[in-house]
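Okay, structure first, notes after.
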Amino acid sequence: MIIWAVAVLVYLAAVFHRTSLGVASIEATSRFGLGPAALGTFTVLQVGVYALMQIPTGLLVDRYGARRVLTVAALLMGLGQLLFAFASSYPLGLLARAVLGVGDAMTFVSVLRLVAAHFPARRYAAFASFTAALGALGNLISTLPLSVLLDGVGWTTTFAVTGAATALYAVVLALRVRDHAPGMEVRREPESLRVVLGQVRQAWRTPGTRLGFWVHFSTMFAPAMLGLLWGFPYLVQAQGLSEPAAGSMLAVLVLGAIFGGPAIGTVISRWPECRTPLVVSYLVTALAVWAVLLGWPSGRVPAAILVVGFALLSLGGPASTIGFALARDYNPLRRVGTATGVVNVGGFVAITGSALAIGLLLSAFGSFTPQTAFRLALLSVVAVLLLGLWRTSVWWRRARAAVFDAAARGEDVPVQIRRRAWDLAPA
């Protein structure tokens with residue numbers, strides 16, 4: 001438990017650094033002299049690097065262990081934030097966010113690998129959800145408190161202090177984290193590139209991994225996109241909220257994740273057959289929320305509706321952990337890190353694509369009012385949700401078919417499910 005707690009703290013720091021640009025986006029615009037598309041590039045680059053690093057991170061964790069990877073991650077995040085603190089030019093700012101993205105990319109997969117090694121499989125889903133919920137505290141700190149800190153001590157001091165503290169935490173990770181419980185040490189033999197690539201292919205070909213990828217793709221991107229970059233400008237420029245009020249509204253996304261994570265984790269641990277139905281229910285609800293926010297007649301959505309809408313969208317983060325539970329159940333332990341990395345790519349591909357699309361569309365509709373420009377740009381979110389709902393439905397049926405086939409062969413299956421009429425049709 002202590003090892004998990006120490007590891008969760010570095011994940012909390014990673015989420016803080018990842019989302020810190022959300023409330024600093026307007027200040028970054030003036031500091032670097034940026035337009036919407038160039039500002040969006042910060043997040044696109046950081047999240048794109050994160051997505052590209054997920055499969056390599058999973059391989060590194062399976063090969064070298066979570067302790068070493070987490071230690072390097074803390075050092076890289078600290079360095080990236082220190083560079084960002086003193087960056088005065090756009091290229092240097094981009095470099096800083098790229099370094100930060102690499103470090104951030106190494107955290108969550110490593111923490112989940114520790115959970116898989118130190119806790120029984122039946123508790124994995126709950127601990128994965130608790131991990132995500134506690135990590136969301138980093139997002140909470142990066143909303144109103146960070147906004148107040150930036151106003152008080154300024155850009156350089158704020159990011160320099162947080163970067164230095166993260167780098168120093170690497171010492172704690174190196175001393176306190178252990179890759180396996182006592183008596184469960186695993187020897188890691190060097191593997192050829194061919195073997196490594198084969199491991200990735202095996203993870204990707206597993207229907208449960210593919211389902212987990214699309215679950216993560218569909219659920220986490222919308223609240224993350226709002227918290228990372230576009231939520232603050234949307235609330236201030238399109239909805240007319242003050243900056244403190246916008247920060248408080250973004251905090252709703254975090255509070256929903258904090259309270260929703262343990263609840264969803266408990267449900268899917270007790271009733272694993274509810275995992276994908278919960279995901280589909282969330283996606284349908286999210287589409288309804290965006291229909292209300294983008295279709296509101298006056299354009300200015302009442303504050304109460306915004307709160308309810310953001311609270312419902314916030315459940316996407318907790319729902320995304322279902323993808324990791326699927327990766328854990330459908331893959332052997334030696335491949336869990338790789339499979340988890342594959343799943344984690346999904347959400348960050350969706351974040352990258354939607355954040356870039358919104359920035360480009362805002363630039364294209366720059367002659368319109370902010371309300372109209374954001375309304376049109378955010379339609380890209382709806383498009384990504386529809387794509388994710390379609391692919392999740394397809395791989396849900398294929399994963400169910402794989403379970404039925406395995407059960408028919410007399411093999412152990414990760415979850416007992418009842419065959420439905422729609423399981424008989426080709427997937």
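Predicted, not measured: the structure shown is a model, and the values here were computed from it.
- The minimum heavy-atom distance between Pro370 and Ala238, with the atom names listed, is O-CB, 3.9 Å.
- Counting only heavy atoms from C-beta outward, the side chains of Arg391 and Val394 approach each other to under 4.5 Å.
- Arg31 approaches Ala85 most closely through the heavy-atom pair NH2-O, 3.4 Å.
- Counting heavy atoms of neighbouring residues, nucleotides and ligands inside a 6.0 Å radius, atom CZ of Phe259 does not exceed 12 of them.
- In plain terms, the two heavy atoms of Tyr330 and Arg335 that are nearest each other are O-NH2, 4.4 Å.
- For the pair Ile264 and Tyr282, the minimum side-chain heavy-atom distance is 4.5 Å or more.
- Relative to the ring axis of Trp395, Arg398 places its NZ or CZ within 45° and under 6.0 Å from the centre.
- Counting heavy atoms from C-beta on, the side chains of Trp390 and Trp214 never come closer than 4.5 Å.
- The two residues His216 and Gly346 have their closest heavy-atom pair at ND1-C, 4.2 Å.
- Tyr169 contributes a side-chain N or O that, together with a main-chain N or O of Val6, makes up a donor-acceptor pair within less than 3.5 Å.
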Is there a side-chain contact (heavy atoms from CB on, under 4.5 Å) between Val215 and Arg275 once you walk through the steps? CA-CA 10 Å; Val215 164; Arg275 294 185 298 198; over 6 Å; no
Worked verdict on Tyr50 versus Asn344 for side-chain contact (heavy atoms from CB on, under 4.5 Å): CA-CA 9 Å; Tyr50 188 110; Asn344 212 20; 3.2 Å; yes
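- For Thr219, there are no side-chain hydrogen bond (donor to acceptor under 3.5 Å, both in side chains) partners, not counting sequence neighbours.
- A side-chain donor-acceptor contact under 3.5 Å links Thr206 to the backbone of Gln202.
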What verdict does the ring-ring contact (aromatic ring centres under 6.0 Å, His included) test give for Phe324 and Phe127, after you've listed the backbone C-alpha separation in whole Å, the side-chain angles of each residue and the deciding distance to 0.1 Å? CA-CA 11 Å; Phe324 302 120; Phe127 269 92; over 10 Å; no
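- Among all heavy-atom pairs drawn from Leu226 and Leu313, the shortest one is CD1-CD1, 4.1 Å.
- Between Trp230 and Phe374, the ring planes lie perpendicular to each other; the angle is over 60°, past the 30° to 60° tilted range.
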Using side-chain contact (heavy atoms from CB on, under 4.5 Å), reason through Trp4 and Thr131 one step at a time and then give a plain yes or no. CA-CA 9 Å; Trp4 173 73; Thr131 298; 2.9 Å; yes
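- Note that CD of Glu243 is 11.5 Å distant from CG of Leu235, once rounded to the nearest 0.5 Å.
- Contact between Ala399 and Leu211 at its shortest, heavy atoms only, is CB-CD2, 4.0 Å.
- Note on ring orientation: taking the six-membered ring where Trp is involved, the planes of Phe368 and Phe365 are parallel (angle under 30°, cut-offs 30° and 60°).
- For Ser320 (side chain) and Gly317 (main-chain N/O), a donor-acceptor pair under 3.5 Å exists by modelled atom type.
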